[in-house]
Amino acid sequence: MKKFVLFILPLLLFICAFKVNASLKLSESYQNDSKIEWLTFEQAIEKNKTNPKMIFIDFYTDWCSWCKKMDDNVFANPQIAEKIASDFYAIKFNAEGDQMVNFEGVDYKLDTTGRRPAHELAQKFATVNDRLGYPTFVVLDESFVSLKAFQGYKTVDRLKQILDYYGDKETYLNKNWIEFIQEQTGEN
């Protein structure tokens, strides 16, 4: 029995260390693989003080396969990266992360009371029809007022439309979404 324990214990430790290392690399890849300058919530607040811009938040989770596909197929696209860089501050936010965020004098943290943990900031901004889903993209104006949350995978073309609409204040203030899409596609 002792030989068995001496064999199994190091094996289990190795497997756990490998999983933790893989998880850390996955989180780092969200920050490093994209041409988009992803900011923390606090960094976006600071930058916005001196140069106000729209805010684009990508709420993701480490286990979300569609979030990874967005990173690989959409956020890596040069047109998307360029549009976000010119008109938005981009925030990549782990909706199940345990970071504390102070926003407008309120501390937001991970809420573990539900069936699945969810960060209170994700609950505040990314809830659509009383549910959280991932990925969820949220557009905030320069004053950090939420304009719209979009749940689910978006193609390059669809995300570009969203960024074009909200990236130009005159457009989203003076046209509704349907009018904008009709102009873009030439449909009536």
Side-chain angles (χ1 to χ4, degrees), residues 26-77 79-111 116-156 158-169 172 177:
L26 178 63
S27 293
E28 289 171 7
S29 73
Y30 276 115
Q31 299 296 324
N32 298 329
D33 288 350
S34 173
K35 292 178 172 53
I36 296 171
E37 180 189 359
W38 294 108
L39 304 172
T40 65
F41 212 85
E42 293 85 356
Q43 289 169 329
I45 290 170
E46 283 307 308
K47 284 189 170 216
N48 198 55
K49 287 178 182 176
T50 56
N51 183 23
K53 282 188 179 182
M54 301 291 284
I55 311 295
F56 178 88
I57 307 175
D58 173 21
F59 287 98
Y60 74 95
T61 63
D62 288 334
W63 52 262
C64 170
S65 63
W66 288 107
C67 299
K68 293 173 186 80
K69 288 180 191 227
M70 285 293 303
D71 284 337
D72 294 340
N73 302 332
V74 181
F75 292 134
N77 180 287
Q79 289 180 323
I80 297 296
E82 183 180 318
K83 183 66 177 169
I84 287 177
S86 69
D87 297 335
F88 298 87
Y89 289 122
I91 299 170
K92 176 79 74 177
F93 196 90
N94 185 347
E96 293 181 351
D98 60 0
Q99 70 276 25
M100 176 77 72
V101 175
N102 184 285
F103 175 63
E104 296 182 333
V106 177
D107 287 332
Y108 293 89
K109 63 187 183 323
L110 184 65
D111 178 2
R116 176 162 213 114
H119 200 281
E120 292 169 337
L121 210 54
Q123 293 170 350
K124 174 180 178 67
F125 288 117
T127 300
V128 176
N129 296 326
D130 294 325
R131 76 179 257 285
L132 280 170
Y134 308 106
T136 295
F137 314 104
V138 179
V139 178
L140 309 176
D141 70 10
E142 301 93 343
S143 301
F144 287 85
V145 172
S146 180
L147 299 176
K148 182 77 173 161
F150 301 87
Q151 287 185 338
Y153 181 87
K154 302 293 179 252
T155 63
V156 168
R158 179 51 110 195
L159 186 58
K160 187 165 179 336
Q161 287 176 327
I162 292 167
L163 296 173
D164 285 343
Y165 182 74
Y166 287 102
D168 178 18
K169 194 171 189 172
Y172 80 82
W177 177 254

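All figures in this text were calculated on a predicted structure; none of them were measured in a lab. Hydrogens, waters and symmetry mates play no part in the numbers below; they use all other heavy atoms, side chains included.
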Measuring only between side-chain heavy atoms, which start at C-beta, is Leu159 closer than 4.5 Å to Met70? yes
Do the rings of Trp38 and Phe75 sit parallel, tilted or perpendicular, given the 30° and 60° boundaries? perpendicular
Please check if the distance between the ring centroids of Tyr108 and His119 is under 6.0 Å. no
Are Val145 and Leu140 close enough that some pair of their side-chain heavy atoms sits under 4.5 Å apart? no
Identify the heavy atoms of Ile36 and Ile84 that sit nearest to each other, and give their distance. CD1-CD1, 3.7 Å
Of all the heavy-atom pairs spanning Leu110 and Ala95, show the shortest one and how long it is. CD1-O, 4.4 Å
Search all heavy atoms of Val138 against all heavy atoms of Ala126 and return the closest pair with its distance. CG2-CA, 4.1 Å
Please, which pairs that meet side chain to side chain donor-acceptor pair (under 3.5 Å) have at least one residue in residues 123-143, sequence neighbours excluded? Asp111-Gln123, Arg131-Gln151
Is the shortest side-chain N to carboxylate O distance from Lys160 to Asp164 below 4.0 Å? yes
At their closest point, which heavy atom of Asn94 faces which heavy atom of Asp62, and how far apart are they? ND2-OD2, 3.7 Å
Given Phe56, Phe59, Phe137, the one that forms ring pair (Phe, Tyr, Trp, His ring centres under 6.0 Å) with Phe93: Phe59
Output all residues satisfying side chain to side chain contact (heavy atoms under 4.5 Å, CB included) with Asp107, sequence neighbours left out; order by chain, then residue number. Met100, Asn102
Within the structure provided, determine whether Gln43 and Glu37 are in side-chain contact (heavy-atom separation under 4.5 Å). no
Tell me, please, which residues at least two apart from Tyr172 pass ring-ring contact (aromatic ring centres under 6.0 Å, His included). Tyr166
Output the distance between atom CG (Asp58) and atom OH (Tyr60), rounded to the nearest 0.5 Å. 8.5 Å
Using side chain to side chain contact (heavy atoms under 4.5 Å, CB included) as the criterion, list what pairs up with Glu82, not counting sequence neighbours. none
I want to check a possible cation-pi pair here: Lys53 against Tyr89, using under 6.0 Å from ring centre and within 45° of the ring axis as the test. yes
Just to verify, what does Ile45 make a side chain to side chain contact (heavy atoms under 4.5 Å, CB included) with, not counting sequence neighbours? Phe41, Lys49, Phe103, Phe144
Partners meeting side chain to side chain contact (heavy atoms under 4.5 Å, CB included) with Asp87 (sequence neighbours left out): Lys83
Closest contact, heavy atoms only, Val74 versus Val156: CA-CG2, 3.9 Å
